[in-house]
Amino acid sequence: MKEVVIDSKGIHYKVLNFMIEDAINAGATKIVLENVNGQRFLLDGVNADVELEVHGTAGDDLAAFMNGPRVTVYGNVQDGVGNTMNRGLVVIHGDGRDIVGHSMRGGKIFVKGDVGYRVGIHMKQYEDNYPVVVAGGTAMDFLGEYMAGGVVLILNIGDAPFTGDWVGTGIHGGVIYVRGDVPEFLLGIGAKATDLEASDKKLIKELAEEYGRYFGVDPKPIYESRFTKIVPISHRPYAKMYTDD
Amino acid sequence: MASFPPKFKVLVDKEVCTGCLKCTLQCPFDVHIYDKEGFKASGKDKDERKNFIVRNQENCVACQRCVFTCPVKCIQIEVRPPTYNPHPVWTDAVRRDLKTQSDTGGVLLAAMGNEQPYPSYFDRLVIDACQVTNPSIDPLREPMELRTYLGRKPEKLEFEDNGTSLKTQLAKNLKLETPIMIAHMSYGAISLNAHKSLANAAAEQGTFMGTGEGGLHKDLYHLADSIIVQVASGRFAVHEEYLKTGAAVEIKIGQGAKPGIGGHLPGRKITEPISKTRMIPVGSDALSPAPHHDIYSIEDLSRLIYAIKEATRYKKPVFVKIAAVNNSAPIATGIIRAGADAVVLDGFTAGTGAAPQVIRNNLGIPIEAAIASVDQRLRDEGIRHWGSIIASGSMRSSGDVAKAIALGADAVYIGTASLISLGCTVCKQCFTGKCAWGIATQDPNLTKRLDPEVGARRVSNLIGAWSHELQEILGALGLNSLESLRGNRDRLRGVGLSQTELDVLDVLPAGR
């Protein structure tokens, strides 16, 4: 294994990303970025067998269009982590912000803490591609908006009452699980809460165990709790909207 | 039962008809139906078979497929005279729409461009020509430059001390042999054979084709150097390899035929191959939201532009397409300042495979006004060289192209014109998925009607012919390079336009 350490302090994202590209081309299998302070587009569009360790705060669009690498962030991330990501793993030892997993098609994102608004928006699945977003804390409004596939799991480890409004607005595929209750009035247009089946519980258990491994948390009390499952009312919500259908 | 009388009459010359049944096989709209059982039961001779073809005239859309494929040319389609009691306000079309809508309670869908009789500025602009004092150029015998580079141009050029090599780093530009590109029409809206035809034509003419939002079929990856890939709000088919494959990437914010609204490919059109290319499950609705979920400001747009530039390692120009609207000029300067290499303006008569009719007929502004105002604004701000202007929306001839370029565009996209070249008759049924000419359909029985080799040759012919015509126009203007016509509004004059309209277009009236 070839490890490369880069001190990111004061380096513009464009330069930093070229340094990362050079390191990958030179055969690095692990890249450690020290002193990251909001640099954007880290591993954007990268298709390589490489591991990235970020120390500090990763900027917008971390792992956007990413296709394969594994990223660990020791800190928080800004908006758009995993934007249209295809494959790979992002593990964040901190909080995520808005549109985590936007239009993501595959791969996994694990956030130790809270996530912001419109998380999992328009996530989609296709054949073997099945995107996963797991957050240990809570989520803000419009969770899983416009969702077309994949899974969003909110573990709510702090047991705070869930207050994110408009959950699953426009959802037409995929599934959202929230630990604890999600009052009916928080559900968005096109979303409904249903009972969990054995397969749901199995999936939650697997993902909670994976979360536990990354962040050193005992998953048992988490996955044994009560969850709310939110799914689309229809996979073709606008089928009757036009005169030709 | 439809609530209104048929629009067309299907006339068959029974004297000539041989009863070959070809029309019954060719019509996807169930107009010509063969009553096989009736014929058998009648026990009549084969010569009598023609009398057992029933014509459901109310289904006819005047696509002309039967007319052209009938071996003995015995079919004729006629428009029925208006049948309602005439009224100048409540026209036949209005009454039909009201009745259709009352039947279903749905939003009226429409295809192709705006059908309202708005005046065309192109038709009220004329092009200058040389006489005596400034000699014209003969394009047949003298070099005539149509080559166009799209993308950011440098502020100035700096050379190394040796004086011959360039010090200035040039931004990646697209090199076009002709300023006519083929517009973004998605695989899904049109067939793979149509995509193949257009892509091959673009490659042959040294220009580019847009993928639209439906991704790029694997069979076309070898032509990727002539293809501009699109990133739209649904992010369908958008992945790292797709971005890196195209010659340029275009972010679609809006579309001239339906400004401000999203797209909706119904699940029944997501067949196996479409599903593979768009990377979404078979049968699920493909919903393209109205806005991009990560773009609510110019700053956000800049982030997506640079996310794409980063993903493509700064090797691909990034374009941003908007519908032509009232405030296109400030938006366009924002787009160019956000880092885009070109802004694409799509006028209100631009085509579509499907749009709510009320949106298509009523929203947006004419492309001519948008080109002139955007070009002027970028010049006023001193940033015209930062990015190119690409115009689209009902370019019907090389004359329209020349006028668009004189108004300030660097290049144009043609959509509907290229489809007509492929065989489209503008029957406006694209959204039904039943295109009789194999273009706007995914039905294998219909798509096989379009031979991609023939299609490529036809579209290539069209672009080649328009390019020659552009050279003729340049020759008449005494110009030997398209570059000299670009934004050269002094070579245009307005006919029958108000002073305000002339001011917007920044052209003088004819005679002045």
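Per chain, numbering begins at 1; letters A, B, ... match sequence-line order.
By the 6.0 Å contact criterion, CG on A:N25 is enclosed, its count of non-hydrogen atoms from other residues, nucleotides or ligands being greater than 12. At most 12 heavy atoms of other shown residues, nucleotides or ligands fall within 6.0 angstrom of atom NZ in B:K172. More than 12 heavy-atom neighbours from other residues, nucleotides or ligands sit within 6.0 angstrom of CH2 on B:W386. The number of heavy-atom neighbours closer than 6.0 Å to CD1 of A:I233, taken from other residues, nucleotides and ligands shown, is above 12. Counting heavy atoms of neighbouring residues, nucleotides and ligands inside a 6.0 Å radius, atom NZ of B:K7 does not exceed 12 of them.
With sequence neighbours left out, B:Y221 forms a ring pair (Phe, Tyr, Trp, His ring centres under 6.0 Å) with no residue at all.
The closest side-chain heavy-atom distance from A:H172 to B:L287 is below 4.5 Å. Within the 4.5 Å cutoff, side-chain heavy atoms of B:R235 are placed close to those of A:N83. B:R303 is listed as a side-chain neighbour of A:D79, based on a closest heavy-atom distance under 4.5 Å. A 4.5 Å side-chain heavy-atom check between B:E310 and A:K14 finds at least one atom pair inside the cut-off.
At least one test fails for A:R105 against the ring of B:F236: distance under 6.0 Å to the centre or angle within 45° of the axis. Geometrically, B:K309 does not engage A:F41 in a cation-pi contact defined by less than 6.0 Å to the ring centre and at most 45° from the axis.
The candidate from A:I99, A:N86, A:D60 with the greatest count of non-hydrogen atom pairs under 4.5 Å with chain B is A:D60.
For a residue to count as touching a neighbouring chain, one of its non-hydrogen atoms must lie under 4.5 Å from one of that chain's; by this rule A:E145 does not touch chain B. With a 4.5 Å cut-off on non-hydrogen atoms, B:T312 does not touch chain A at all. At a 4.5 Å heavy-atom cutoff, the contact between B:Y314 and chain A is made by side-chain atoms alone. Contacts between A:N17 and chain B at a heavy-atom distance below 4.5 Å involve backbone atoms as well as side-chain atoms.
Between the NE2 atom in B:H239 and the CZ atom in A:R87 there is a gap of 12.0 Å [rounded to 0.5 Å]. With rounding to the nearest 0.5 angstrom, the CG atom of B:D294 is 11.5 Å from the CG atom of A:D98. The distance from the CG atom of B:L243 to the OG1 atom of A:T84 is 8.5 Å, given to the nearest 0.5 Å. Rounding to the nearest 0.5 Å gives a distance of 13.0 Å between CG of A:N129 and CD1 of B:I280.
Classified by interplanar angle (parallel below 30°, tilted 30° to 60°, perpendicular above 60°), the ring pair B:H293/A:H122 is perpendicular.
The minimum heavy-atom distance between B:G234 and A:S103, with the atom names listed, is O-OG, 4.3 Å. For A:F65 against B:A311, the heavy-atom pair with the smallest separation is CD1-CB, 4.0 Å.
For the pair A:K124 (side chain) and B:A286 (backbone), a donor-acceptor distance under 3.5 Å is absent.
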